[in-house]
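Reading through the structure tokens given below for one structure.
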Amino acid sequence: MLQEYSARDIETKWQMVWAENSVFHADPDSSQKFFLTIPYPYLNGNLHAGHTRTFTIGDAVARYKRMKGLNVLFPMAFHATGTPIVGLSELIANKDPLIWDVYTKLHGIPEDELAELNTPEKIVLYFRQQAKNAMQRIGYSIDWRREFTTTDPAYNKFIEWQYGILRDLNYIIKGSHPVRWCPHDMNPVEDHDILKGEDATLLDFALLKFKMGDWILPCATLRPETVFGVTNLWINPRVNYVIARVNEETWVVSPQAYEKLTFTDRQVAWGTEISGKDLIGKSVSNPVTGSQVIILPANFVDPDNGSGIVMSVPAHAPYDYLALKDLYYEDLSEYGLNQDLRQIKIISLIEVPGYGEFPAIEAVKELNVENQNDTKAEEATKLVYKREFHNGVLKPITGKYTGIAVSKIKDVLLKDLINENMAEIFYEFSEMPVICRCGTRCVIMMVKDQWFLEYSDPTWKASVLDCLAKMRIIPEEIRVEFENKIDWLKDKACARRKGLGTHLPWDKEWLIESLGDSTIYMAYYILAKYVNADMRIENLTPEFFDYIFLGKGKPENIAELTGIPLEIIHQIKHDFAYWYPVDLRTSGKDLVANHLLFFLYHHVAIFPEPLWPEAIAVNGFVSLESQKMSKSRGPLLTLEQAVAENGADVTRLYILGNAEYMQDVDWRNEGVVSTRGQLERFYNLAKDIIADPSINENLDYSQIDRWMLSRLQKRISETTEAMENIQTRRALQNAFYLLFNDLRWYQRRGGKNQLRRVLSSWVRLIAPFTPHVCEEIWSNMEKGYVSLAPWPSADEALIDEQAELAERLLQDTLDDIEEILKVTKSSPKKITLYTAPAWKKQMFRIAVELSQEGKMDMGKFMKIVMSQPEIAKKKKDAPKYAQKLAKSVHSLSAEILTLDDFSVLSQEKAYLQTALGVPIDIFSADELTDDPMSKSKQAEPGRPAIYMSND
RNA sequence: GCGGGGGUUGCCAAGAGGUCAAAGGCACAGGGCUUAGGACCCUGUCACGCAGGUGUUCGCGGGUUCGACUCCCGUCCCCCGCACCA
């Protein structure tokens with residue numbers, strides 16, 4: 001063994017040994033299998049600390065399961081399909097200064113190498129190699145024979161086959177959908193292309209068609225149900241509106257709204273203009289109720305929002321009420337209006353607890369809102385909206401919708417209104433403006449004739465929910481998140497015009513969208529081994545896939561059709577049958593609402609139920625010194641860097657030991673440095689133990705040996721349980737840190753002969769986390785790889801509660817003595833311990849028994865106690881002790897009584913004397929020979945009385 | 001806004017009705033070992049306390065209970081996702 005721990009030497013040595021001996025290659029055999037997968041990384045940069053977390057969790061689980069005797073397949077591949085790599089190659093080719101900075105500084109790529117990456121192909125090749133190197137350097141136990149990239153021709157064949165099936169199942173349909181669009185670039189705008197407003201989401205407004213003769217005045221609203229309570233419309237008198245041709249209708253909208261309409265799937269044509277002022281005073285008919293309402297002026301109407309025309313529902317919208325009220329006192333004769341607006345009847349349509357007829361009016365009064373310009377008006381709006389949305393129910397005025405909850409009404413009503421041509425949908429950003437990187441203001445574009453995966457299909461959804469219900473979800477808390485997201489998932493556009501990927505087999509102009517090609521590729525890993533061993537791509541026909549993955553057709557026919565030898569076909573089929581389904585997929589929490597969902601959707605669509613995934617585990621991210629990592633802005637820590645600076649084992653230990661499940665790991669240099677120290681200490685201790693010639697395992701167990709072995713068994717059980725639950729932090733706490741402390745106590749107490757035995761288990765317990773150093777230590781004490789050594793199992797027979805109680809008594813006694821020393825600041829010449837007398841133990845026992853029966857009755861207790869002659873003698877002391885017992889009755893435990901404290905302490909007298917550096921006397925309170933201060937009266941079971949004398 | 005997760009002692013982080021002033025780590029302090037030490041080993045770090053004790057804490061405000069960090073209600077704050085983007 002090396003004298004000094006050197007991560008670099010140990011790690012490269014074992015990585016080579018593992019690779020040369022194919023230690024992690026997995027092929028079917030007679031043992032139980034475990035198929036573990038992790039989402040492959042996208043190749044637009046180097047792997048970073050976030051990947052490291054997810055991958056390392058997976059690797060630790062893979063290693064653990066392997067040691068448990070399972071045949072573990074842990075494969076890895078690379079994701080390259082989609083648009084970002086193409087975009088990146090262009091930016092690199094143009095030497096975009098921003099990108100240049102990010103990739104040289106954050107991703108650590110040398111300038112000359114970066115300059116070469118001017119095509120998508122080169123980028124894929126480069127980062128694939130980088131990623132693979134990084135994964136090897138951190139010691140992942142991957143079977144690399146199955147490696148592939150999603151742009152490989154064979155993979156394309158596999159994706160085409162999959163999409164053919166989805167199409168046959170009628171899960172792929174055509175439709176239109178809204179996207180963020182840059183009119184200058186003539187392209188959809190992605191998040192990283194946005195200069196301003198990246199948090200903006202797409203809101204679907206209802207456009208309600210109020211009629212004025214042949215003209216339609218559409219009003220945009222997020223609350224279409226309030227159409228039943230409209231009293232008037234609002235129009236901005238200072239805006240010139242457009243009378244436009246929209247499809248077969250004539251609409252009156254603001255110029256800005258007209259502009260937006262041109263990007264939707266409507267046929268539009270500019271007509272004449274009309275001043276807002278000229279519209280005021282006219283009346284329109286409510287498309288739903290048919291009633292006539294008047295158009296009134298309002299300066300708050302923003303022509304850039306919605307259609308530029310607003311419907312007014314003063315009963316439920318504070319702004320509308322305030323604006324109307326404000327007009328009561330205004331002279332509107334310039335609009336030819338001279339009627340008394342107080343005659344306008346406010347219409348209530350929502351019943352909500354806590355409010356009467358007109359919630360908006362009440363809220364305005366409640367918050368003392370002065371007028372429409374009062375900042376509190378916004379607050380009132382939110383208040384009313386919140387209460388109405390959550391608790392509101394529609395009133396009889398809404399006809400067939402009566403009784404429906406406000407929170408449930410929008411979709412139902414909108415569907416009906418659209419069917420009757422009373423409304424349309426109009427998209428608007430939630431925040432404005434949204435600006436593209438080119439400086440142009442973005443719009444919402446309706447993409448037509450788009451291919452969709454019909455995730456909204458109720459049968460499909462039901463199958464996914466069924467699958468989810470049968471799966472293990474780790475941690476269990478996020479199951480409900482999965483359920484919610486499945487419920488929420490709508491149809492998803494599944495094809496694009498740009499980027500890398502597989503063409504839709506029936507419509508070659510389209511590329512399959514990159515999340516959609518990453519759903520059932522775990523099955524492809526089984527095939528990839530053969531593809532990598534030189535299989536001919538043109539042999540991979542749909543019939544071949546059908547047979548391998550779905551068992552359709554006859555192997556003889558497939559062999560004939562494809563030219564693949566029958567034997568190979570049988571073997572691949574057999575491999576697939578052995579490895580599938582996926583036993584565990586672990587992933588970051590950001591993928592819950594997309595990839596992991598699609599993973600389930602496509603599995604239930606393509607495969608029969610026995611091949612559905614068994615389990616999903618989800619984990620959080622990694623932050624750097626409390627700062628969020630960012631691939632484009634920094635800070636960023638690459639896997640490569642972390643390993644180069646700290647070593648693979650330290651990186652793994654830190655990242656797995658510092659958080660669990662959904663929590664984020666905070667990567668802090670200070671913590672990493674100390675982790676390195678811990679590992680070094682472990683290495684040194686192991687080295688000393690192996691080299692210690694004085695260890696004699698054949699001697700009988702001493703008390704401290706029994707204690708150590710007992711603790712070890714408990715640490716083993718805890719660690720095992722934690723690993724079964726994928727709790728790496730809990731596992732490491734037990735397997736590494738707590739066991740380390742146990743060992744310290746063991747050695748401090750003079751334990752030695754079980755050290756090697758403990759070490760053997762210890763090394764195996766942490767091998768999944770720090771495999772290299774463990775391999776190194778193991779090779780100096782046992783044969784074979786620790787990576788394949790049997791996981792320790794807890795031996796019940798070695799659990800020794802007596803030994804543990806005895807050690808605890810000793811520690812507690814030392815603690816008590818130290819406390820007294822601290823408080824009195826004295827340095828005694830002698831310490832005397834008195835263990836509890838028999839009568840106190842007897843009382844203790846009775847108290848425990850009584851408390852177990854239920855509430856302890858003090859009278860009953862005293863009666864029983866005093867009937868015992870030995871106790872009855874202690875007329876004064878017994879009631880005092882009884883009081884004390886009664887106080888703590890809820891937390892009494894009888895186990896301490898199983899210990900003979902006098903003999904335990906007497907046996908450890910020598911240790912106590914050396915530990916404290918003072919002579920110690922030990923008496924039982926039953927046989928007092930010396931008790932100058934009557935301290936012995938304080939003795940209790942498990943807690944000796946202490947007397948310190950200074951002479 | 002919607003959905004999910006979370007706020008614990010200087011920091012990270014366990015705990016989920018009594019065994020809790022609350023594991024473990026870090027940081028800091030004292031002591032030991034040592035030529036020396038950033039290595040290692042002990043001890044301490046809410047407050048007060050000349051005998052092992054007492055008091056006050058687990059985002060904030062209420063409630064249930066003999067007893068609440070743990071259960072219930074309200075409230076504030078933080079993080080993640082909300083789609084055609086991997």
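Values in this document were obtained by computation on a predicted structure and should not be read as measured data. Every chain is numbered from 1, with letters handed out A, B, ... down the list of sequences.
Note on A/Pro944: a base of the nucleic acid sits closer than 4.0 angstrom, heavy atoms only.
The side chain of A/Glu670 lies closest to B/C26 when the candidates are B/C26, B/A86, B/C50. Closest to the side chain of A/Phe621, from the set B/G4, B/C80, B/A51, is B/C80. Closest to the side chain of A/Glu477, from the set B/G5, B/A86, B/C12, is B/G5. Here B/C50 is the nucleotide among B/A86, B/C50, B/G24 with the atom lying nearest to any side-chain atom of A/Thr824. In the set B/A23, B/U43, B/A51, the nucleotide with an atom closest to the side chain of A/Arg748 is B/U43. Across B/C80, B/A23, B/G52, the shortest atom-to-atom separation from the side chain of A/Lys628 is found for B/C80. When distances run from any side-chain atom of A/Val823 to the nucleotides B/C50, B/C41, B/A86, the shortest one goes to B/C50. Considering only side-chain atoms of A/Arg943, the nucleotide from B/U45, B/A51, B/G53 that sits closest is B/G53. Comparing B/C50, B/C12, B/G44 by their closest approach to the side chain of A/Lys822 singles out B/G44. For A/Ala493, whose side chain is taken as the heavy atoms from C-beta onward, the closest listed nucleotide among B/C84, B/G3, B/G24 is B/C84.
Ring pair A/His48/A/His51 is tilted by interplanar angle, where 30° to 60° counts as tilted.
Rounded to a whole angstrom, the distance from the C1' atom of B/C41 to that of B/C46 is 28 Å. The gap from the P atom of B/G53 to that of B/G4 amounts to 46 Å, rounded to the nearest Å. If you take atom P in B/U56 and the same atom in B/G67, they sit 15 Å apart, rounded to whole Å. Straight-line distance between the C1' atoms of B/C78 and B/C72: roughly 24 Å, to the nearest whole Å.
Positionally, the nearest nucleotide of RNA chain B for A/Arg744 lies more toward the 5' end than for the other of A/Arg744 and A/His177. Nucleotides of RNA chain B nearest to A/Glu818 and A/Thr813 differ in position, and the one nearer the 5' end is that of A/Glu818.
In this structure B/U45 sits in a base pair with B/A27, meeting the Watson-Crick or G-U test at under 3.5 Å. Within the shown strands, nothing qualifies as a pairing partner of B/C50 under the Watson-Crick or G-U definition with both distances less than 3.5 Å. B/C40 and B/G32 make up a base pair, with Watson-Crick or G-U wobble contacts both under 3.5 Å. In this structure, B/U70 forms no base pair with any nucleotide, since neither Watson-Crick nor G-U wobble geometry is met with both distances under 3.5 Å. Taking a pair to require two hydrogen-bonding distances under 3.5 Å in either a Watson-Crick or a G-U wobble arrangement, B/G81 pairs with B/C2.
In the interface, the side chain of A/Asn484 is not paired with the base of B/G3 through any donor and acceptor atom under 3.5 Å apart. Side-chain to base pairing of A/Lys492 with B/C84: one donor and one acceptor N or O lie within less than 3.5 Å of each other.
A cation-pi arrangement is found for A/Arg749 relative to A/Tyr911, the charged atom lying closer than 6.0 Å to the ring centre and inside a 45° cone about the ring normal.
Distance, A/Phe682 CZ to B/G24 P: 20 Å, rounded to whole Å. Atom-to-atom, CD1 of A/Ile655 to P of B/C12 comes out at 18 Å; the value is rounded to the nearest Å. Going from atom CZ of A/Phe452 over to atom C1' of B/C84 covers 9 Å, rounded to whole Å.
The residues A/Glu454 and A/Lys492 are annotated as not salt-bridged, no charged nitrogen and carboxylate oxygen being separated by less than 4.0 angstrom. Taking 4.0 Å as the cut-off between side-chain N and carboxylate O, A/Glu801 and A/Lys714 count as a salt-bridged pair. Of the charged side-chain nitrogens involved, none lies within less than 4.0 Å of a carboxylate oxygen, so that A/Lys752 and A/Asp692 do not count as a salt-bridged pair.
One finds the CE atom of A/Met446 at 13.0 Å from the CZ atom of A/Phe263 (value rounded to the nearest 0.5 Å).
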